[in-house]
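Chain naming here is simple, since letters A, B, ... match the order of the sequence lines and numbering starts at 1 in each. Hydrogens, waters and symmetry mates are skipped; everything else that's a heavy atom, side chains included, is used.
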Amino acid sequence: METDFAKDQQLPIPSNIQSYLLRVDREGWLRTAQALHNADAKFLTLWGADDRDRDAYFRVYAAWLLPQSILVLEHSIEDVRNPSYPGLSTIFPAALRMERAAYDLLGISAEEADARAWLRHGGWPGNLFPLRREVSASQSYPLDPEPYPFVMVEGDGVHEIAVGPVHAGMIEPGHFRFSVVGEKVLRLEERLGYTHKGVAKRFESLSQQEGHRLAARLSGDSAVAFSWAYCAALESITYTSCPPRAVALRALALEHERIANHLGDLGALGNDAGFAFGLTQFSRFKENLLRANTLTFGARYLMDYIVPGGVAGDLPEGGGDLLLTQYETLEEGVATLRSIYAEHAGLQDRFRETGRLEHRLARQFGALGLAARASGIACDLRVDHPWSPYDGLVPNLVTQPHGDVAARVHVRFDEVMESLRLCRILLEGLPAGPLQNTPTVASGGCLGIGLIEGWRGPVMVVLETAAGGGIRRCHAHDPSWQNWPLLEFAILGDIVPDFPLINKSFNLSYSGQDG
Amino acid sequence: MFDVISLMLRTGILTERLPARSPESPPLESVQEDIRRILGRALCIRHVDAGSCNGCELELQALNNPYYNLEGAGIKFVASPRHADVLLVTGPVSANMEEALKRTYGAIPDPKVVIAVGDCGACGGIFGKSYASRGSVADVIPVHRVIPGCPPEPAKILAGILDAVVSAQGQASKRDKAKRS
């Protein structure tokens, strides 16, 4: 396979990052995937669509990030009675759960994939595939729970610890099955999907102008990233330009989201290692930032700030100065706390060498975002594929080689500082002008992509329009899909009480993965 | 160590007054005393995320920051439903969480107060009812109070929790009076 992946057959897809579509047959699907693997392409996502009403096919798609662009493979499945396609998980292990989810939702099966249901826990019948066109969006079904065969570890003294879905703290639900000897973890198996709310099906009953509100609520801590990704896809399809002031304000909101989440995590990581002082201090700084958000953006969490064509509101009079003062206090406070964390022997003892995700493994399993950067993988869309306004901002890439909890703490500290620097530049050079250009309504059958570097990593929205201003299909992807399986490796050899700390150091999204 | 103590002293006490419910209602500080008088300990809350987007969780976590200082108000979040007086539920109830929510509800000793937090808990929010979402919390278990918002601000959640306690207490004393007469 040539390394340009049949460039002459690729069709451009509207997107905020250059994207192409390549239609392949069964054999081409696997062959191209292998070639993409050889070319070190980053696997982004996999999804399916029911096009039987249009041209009698099911379709399966997979997307990769190449150094210059996104490449989407499209494979049409002819056998609609027994739809299947060659699975990609032997080449890209991260694809496995996505293939299982695609089966639960659409009934297209990846050959040789794990046959256990992933998103369906008995909430709807096994022979019903909600994303198929004929299935009603509002119909619900009685719960019929099915047993889930976890992989058993056998041997002298091995026992299992089952945790969840309801956890001890104020966090999202998921199940963790530990196989341990004494305190040492031999194996961890995750079972997720508990917060599956049928987002993909729900998109199909919304209009193009409402979709960003649902996208923002796929994972509430990444509301800005997801709503931007949705709007980027819609704006690309409709050739709507976003006014320069709105573009800068969007980036400001995205960096605020990044800082707020990092502050929350840094505090929680201190707390999980027995240093409650860290939580108190970081949570006060986070609260200060959220209150500044209310004064400047109108809300603590910017669920509905990014709207198609622009942003929902302007900074108030004096808002810029208020934020600049806020940044100064934050910079000083975070620097002080960083030196306290660095010099605290007990804290460093818990952080270092704990939950290590080696560089080799992170690459092999396609880690994304913050977790990848902490394992020495240089990847940040804002740096590698800068979209407006990041092309003018030139953010600095933050990486750490070691892959342990300490590395993920370091990356967060560095990224908070870098984001504060970007925020200052954005504010000081804030262009004047309007806040929104109303997008035109897209005609049916257009495909568009939005890919945005959220605080966790790249979030992706693939939007296909329907006639009359509707949404035909919308696939939203959180980087947690790629990173959750890696947590199963990071814990190996550590002890059970380290799990909360390791889990928090990744802080992956349940809701974003479950959909 | 010196840095830690010095920063603590420089930070001082940030805790704010409890939020006012309405101008004519008594200050919520008295609720705190009531909780102590009635329960003889902190009011214990078990939180269950029944399918939330994680937005409401972030605001619940904020209740523990020094500004809201939930524990200072005599309220704490507990790990076991067996220890809880109040069940606080976020999110639309996903089909996949229906059973876990019902079991948690069942594990809380009577009398119990259930509070649904957020627009999703109140009415299903933007997710509504579907093959995967049961809609509001009240569609699955009895709910005593709803705190709307997307997500509701911590001060609103705090006021809502205290309000629910006040009205549960009011109902309980009415029952006691009825029993006595």
Engaged part of [X] at the chain B interface, taking heavy atoms whose separation is under 4.5 Å:
{"X": "A:I340", "answer": "side chain"}
{"X": "A:V199", "answer": "side chain"}
{"X": "A:L192", "answer": "neither"}
{"X": "A:Y301", "answer": "side chain"}
{"X": "A:F277", "answer": "side chain"}
{"X": "A:R213", "answer": "both"}
{"X": "A:F203", "answer": "neither"}
{"X": "A:P125", "answer": "neither"}
{"X": "A:R284", "answer": "both"}

>> Please check this pair: side chain of B:N96 against backbone of A:G193, looking for a donor-acceptor N/O pair closer than 3.5 Å.
In response: yes
> Taking B:S133 for the side chain and A:K197 for the main chain, is one N or O donor matched with an acceptor at less than 3.5 Å?
Replying inline: no
Of the listed residues ([options]), which shares the most heavy-atom pairs with chain A below a 4.5 Å separation?
{"options": "B:N64, B:L60, B:V78, B:T104", "result": "B:L60"}
{"options": "B:C53, B:A79, B:A132", "result": "B:C53"}
{"options": "B:C56, B:G91, B:P66, B:A62", "result": "B:P66"}
{"options": "B:A100, B:G55, B:P151, B:S94", "result": "B:S94"}

Which atoms of [X] come close to chain A, meaning under 4.5 Å heavy atom to heavy atom: side chain ones, backbone ones, both, or neither?
{"X": "B:V93", "answer": "neither"}
{"X": "B:V4", "answer": "both"}
{"X": "B:L101", "answer": "neither"}

What I'd like to find out is whether the side chain of [X] reaches to under 4.5 Å of the side chain of [Y], using heavy atoms alone.
{"X": "B:D49", "Y": "A:Y510", "result": "no"}
{"X": "A:K286", "Y": "B:N65", "result": "no"}
{"X": "A:R300", "Y": "B:E59", "result": "yes"}

>> Among B:S52, B:C150, B:C120, which residue satisfies the side chain to side chain contact (heavy atoms under 4.5 Å, CB included) criterion with A:R217?
In response: B:C150
> Is the shortest distance from a Lys or Arg side-chain nitrogen in B:E16 or A:R291 to a carboxylate oxygen in the other one below 4.0 Å?
Replying inline: yes
Looking at [options], which one has more heavy-atom pairs under 4.5 Å with chain B than the rest?
{"options": "A:S509, A:S138, A:G512", "answer": "A:S138"}
{"options": "A:P130, A:S219, A:G198", "answer": "A:P130"}
{"options": "A:E287, A:R202, A:Q139", "answer": "A:E287"}

> Is the A:H196 to B:Y131 ring centre distance short of 6.0 Å?
Replying inline: yes
>> Quick check: closest heavy atoms across B:S130 and A:S140, and the distance to 0.1 Å?
In response: O-CB, 3.4 Å
> Any ring pair (Phe, Tyr, Trp, His ring centres under 6.0 Å) pairs touching residues 43-85 of chain B, not counting sequence neighbours?
Replying inline: none
> Taking atom CD1 of B:I13 as the centre, does the number of heavy atoms from other residues, nucleotides or ligands within less than 6.0 Å exceed 12?
Replying inline: no
>> Are more than 12 heavy atoms, taken from residues, nucleotides or ligands other than A:E134, located less than 6.0 Å from that residue's CD atom?
In response: yes
> In residues 162-175 of chain A, which residues are in contact with chain B at a heavy-atom separation under 4.5 Å?
Replying inline: A:P165, A:V166, A:H167, A:A168, A:G169, A:M170, A:I171, A:E172, A:P173
